[in-house]
Amino acid sequence: MSTAETEYLSDIADQEYAYGFVTDIDAETLPPGLSEDTVRFISAKKNEPEWLLEWRLAAFRHFMKLLEAGSEAYPQWAHLRYAMPNFQDISYYSAPKQKAQYESLDEVDPKLLETFERLGIPLAEQKRLAGVAFDVVMDSVSVATTFKEELSKVGVVFCSFGEAVQEHPELVRKYLGSVIPHTDNFYAALNSAVFSDGSFVYIPAGVRCPMELSTYFRINERGTGQFERTLIIAEKGAYVSYMEGCTAPQRDENQLHAACVEIYAHEDSEVKYATVQNWYPGDENGVGGVYNFVTKRALAAGDRAKVSWTQLETGSAITWKYPSVILKGDDTVGEFYSVAFTKGKQQADTGTKMIHLGRRSSSTIISKGISGGESQNAYRGLVRIGPRAEGARNFSQCDSLLLTDRCGAHTFPYIEIQNPSGQVEHEATTSKIGEDQMFYCAQRGIPEGEAVKLIVNGFAKEVMAKLPMEFAVEAQKLLAIELEGSVG
Amino acid sequence: MPLLEIKNLHARIDDREILKGIDLVVNPGEVHAIMGPNGSGKSTLASVLAGREDYEVTDGSISFDGKDLLEMEADERAREGLFLAFQYPVELPGVSMPTFLRQSLNAVRAHRGQPELTAAEFLRTMREKAALVELKDDLARRSVNEGFSGGEKKRNEIFQMALLEPKLGVLDETDSGLDIDALRIVSEGVNKLRSPERGFVVITHYQRLLDYIVPDVVHVLVDGRIVKTGGRELALELEDKGYDWIGDPAEASAA
Ligand SMILES: Nc1ncnc2c1ncn2[C@@H]1O[C@H](COP(=O)(O)OP(=O)(O)OP(=O)(O)O)[C@@H](O)[C@H]1O
Ligand SMILES: [Mg+2]
């Protein structure tokens, strides 16, 4: 047995050991409420160094100031309708759930299983997602082990955020908050104070990460919680493609999710970040769905650095999310490709910010919004060409497709040009799913539901094609399943 | 049994009556041409046959292969073997031809109780039928009708008809927009599809098409009514004299 395998198995053993202290762990779930003590408690639980505690506390104080300022400091510009959460009603720490909710798949909601089935999710994974007890399958052990071995050979670090704090504190300290300072926005402040866990990725100079990194395969995955924090660092000339989320429907009792993702890209590096977001959207009245307030930002710090965000957003009751790129270096490239699908009573306000600071920096924005049911779907995007950004270019294309007469699509482009040589091109279209197109499909024998899928997939294709292969097929299936019953 | 039997068909859109009592019988193996001035209701008739919901049938009946056509939804009619080659085929951006055609063909095949084609079988069939109308290879790989020229779109319609092998093909001005060579190629394609079981309704303004696709019967549609029916020489006569000589349609039907 290789050392890595041994290590992995002892990890498992550790977990089982921890399992023995179930009562202790359960007792350590914090009651609702947010105070300085909450922050100290979380930091202590995670055995964090002093500087990190201070970092959290600074964020906490800033957040409390915003909270005291009341509705004035609360972000309200988004095209969303919901009551501001009560931040004292939330529990900010609960020990990772060790105990399975169910003994076997037979106890799980058959509808959920049917969806898993149709998405082609392996049985072991189905159990993990549904919270069913399961044995570690040899298969996934070896996958995970080979995976870790291969990465460490080239010096890539891929672990949970908590592990990184323990094992690579100098890296975490250097980069944490360097792209998203805690003062950035209301939810970034909250996340910085109380973040639970997340992923950490470090690619050394000149290394091309030998495989797609996916949260799906991360060994220590235990449910990353509602305040996820992810940090990705690409050194000079490094390359990595990262995939977040999975297509399986994810339920969570936590209504509020406020994640932060920071990407730091040095000279000549390239980072691709893909997301499939399918959090619980709530029942047909929108009750109980997840509020997904995410801050994602990349700094293309060095010359010729390249960052792309690709996302398929189908879940959550409310989504508020603008993956952005600060194009600081010369000749840097930023890309944003998005498909946001809403139905029922879902609301989404999503888009991007491309901040051009470097000379000849260029950015591309392609956003496809699909609205069904009574949902509201807004694109909000900022393109800023700074005074020094000689010869910067942007191309934006925002298309909206309406599936019903009751839904809404909105486009809010903001363009600020402070250098006359900047070139910004913006195209936007809104169309109702065409009766002519539907009739054409019908005339070829294709039933209505299938025709909608065809047309919507066609509409979204340009973006879906940007997803990594592993994701693309699943993502397409997901979109097809979500589309059912969204017309009419 | 006739393949298609239309009796006293009246149809309207909004409050405007467009078809004002059409009778038409197409037997298996026959080709019927329908000619008539712009706006007389030819495309409307084609749309009503194909089941477009904008049009309301207010009177009359249509039986297709012994079944009540008006009882069926548009997609059911297509699976039953009614094919409409559109006058203006629409574009489906991002929907690739193979994806679309495979879904279409499999839907039709399932209805006939035939098994789904494997990917390899499908591609072979597709290639074979594309050759029939000399459809360029790259078109068969692009999005449905997206960026196709007018003539290419028409060719694509006939290609799809060849693929789906319907019982009845309704061709709405398939010849318009085709250059002389394309007209010949497409017509030959249609002729190859003629069979003792299959019928065609060919809507056209030009006699030239009928030189290639020789009709058994020619009808003249004016203001929502068939005002004259004859053999293929009627088309020649129309080419010569236009529609005026037929006279006022109200008079003609009164006569
Ligand atoms: N959707 C519609 N709304 C209103 N009027 C319509 C509609 N569709 C057709 N019409 C009208 O019905 C009449 C018949 O149209 P139709 O397209 O059937 O004519 P056509 O004989 O095919 O003409 P062409 O030779 O120009 O193709 C026209 O006056 C047209 O304006
Ligand atoms: Mg017409």
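In the text below, chain A, chain B and the rest are named by the order of the sequence lines, each starting its count at 1. What you see is a predicted model, and the numbers here were worked out from it, not measured in a lab.
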Q: Kindly say whether the aromatic ring centers of A:F412 and A:Y379 come within a distance under 6.0 Å.
A: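 Not under 6.0 Å, so no.
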
Q: Do you know which of B:A74, B:P89, B:A107 has the most heavy-atom pairs under 4.5 Å to chain A?
A: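 Most heavy-atom pairs under 4.5 Å with chain A: B:A74.
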
Q: By a 4.5 Å heavy-atom criterion (distance strictly below it), what part of B:R77 contacts chain A: side chain, backbone, both, or neither?
A: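 Answer is neither: B:R77 stays 4.5 Å or more from chain A.
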
Q: Name the member of A:A451, A:G458, A:G434 that forms the most heavy-atom pairs with chain B at distances under 4.5 Å.
A: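 Max contact count across the listed options: A:G458.
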
Q: Which bit of B:F83 comes within less than 4.5 Å of chain A, counting heavy atoms only: side chain, backbone, both or neither?
A: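 The answer is both parts of B:F83.
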
Q: Do B:E157 and B:T174 have side chains that get closer than 4.5 Å, going by heavy atoms?
A: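 A side-chain contact is absent here, since even the closest heavy-atom pair is not under 4.5 Å.
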
Q: Measure distances from B:L82 to the heavy atoms of chain A and classify the residue's part below 4.5 Å as side chain, backbone, both or neither.
A: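 When you check distances to chain A, atoms from both the backbone and side chain of B:L82 fall under 4.5 Å.
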
Q: Stepwise, does the side-chain contact (heavy atoms from CB on, under 4.5 Å) test hold for B:L9 with B:D59?
A: CA-CA 6 Å; B:L9 181 69; B:D59 203 0; over 6 Å; no

Q: Where does A:E435 contact chain B at under 4.5 Å (heavy atoms): side chain, backbone, both or neither?
A: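 When you check distances to chain B, atoms from both the backbone and side chain of A:E435 fall under 4.5 Å.
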
Q: Between A:T275 (side chain) and A:Q277 (backbone), is there a donor-acceptor pair under 3.5 Å?
A: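 No; zero donor-acceptor contacts below 3.5 Å.
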
Q: Give, as side chain, backbone, both or neither, the part of B:N106 having an atom under 4.5 angstrom from any heavy atom of chain A.
A: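 Neither; nothing under 4.5 Å.
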
Q: Specify which of B:D54, B:L84, B:V95 makes the most heavy-atom pairs with chain A at under 4.5 Å.
A: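 So the answer, after comparing B:D54, B:L84, B:V95, is B:L84.
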
Q: Tell me, for A:F459 versus chain B, whether the close heavy atoms (under 4.5 Å) come from the side chain, the backbone, both or neither.
A: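 For A:F459, the backbone is the part near chain B, not the side chain.
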
Q: Mind telling me whether B:H219 and B:H32 have parallel, tilted or perpendicular rings, with 30° and 60° as the class edges?
A: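 B:H32 vs B:H219 ring planes: parallel.
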
Q: Using non-hydrogen atoms only, which part of B:E91 is less than 4.5 Å away from chain A: side chain, backbone, both, or neither?
A: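 Backbone only.
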
Q: Go through the steps to decide whether B:E173 and B:K42 satisfy the test side-chain contact (heavy atoms from CB on, under 4.5 Å), and finish with yes or no.
A: CA-CA 10 Å; B:E173 295 197 25; B:K42 302 180 300 294; 4.3 Å; yes

Q: Can you check whether A:L454 reaches B:F100 side chain to side chain, under 4.5 Å on heavy atoms?
A: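 Yes, close enough: below the 4.5 Å cut-off.
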
Q: Quick check for you: among B:S143, B:G51, B:S96, B:A78, which has the greatest number of heavy-atom pairs under 4.5 Å with chain A?
A: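 Winner by heavy-atom pair count: B:A78.
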
Q: Heavy-atom cut-off 4.5 Å, strictly under: side chain, backbone, both or neither for B:P166 against chain A?
A: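 Contact with chain A is absent: no heavy atom of B:P166 under 4.5 Å.
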
Q: For B:L164, which atoms come within 4.5 Å of any heavy atom of chain A: side chain, backbone, both, or neither?
A: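 Only the side chain of B:L164 comes within 4.5 Å of chain A.
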
Q: Please report the C-alpha distance between B:R12 and B:I18 in whole Å, then the side-chain angles of each, then the deciding distance to 0.1 Å, and finally whether the side-chain contact (heavy atoms from CB on, under 4.5 Å) criterion is met.
A: CA-CA 5 Å; B:R12 63 160 90 191; B:I18 294 168; over 6 Å; no

Q: With a cut-off of under 6.0 Å to the ring centre and 45° to the axis, is A:R444 in cation-pi contact with A:Y440?
A: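 Ring-cation test returns yes.
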
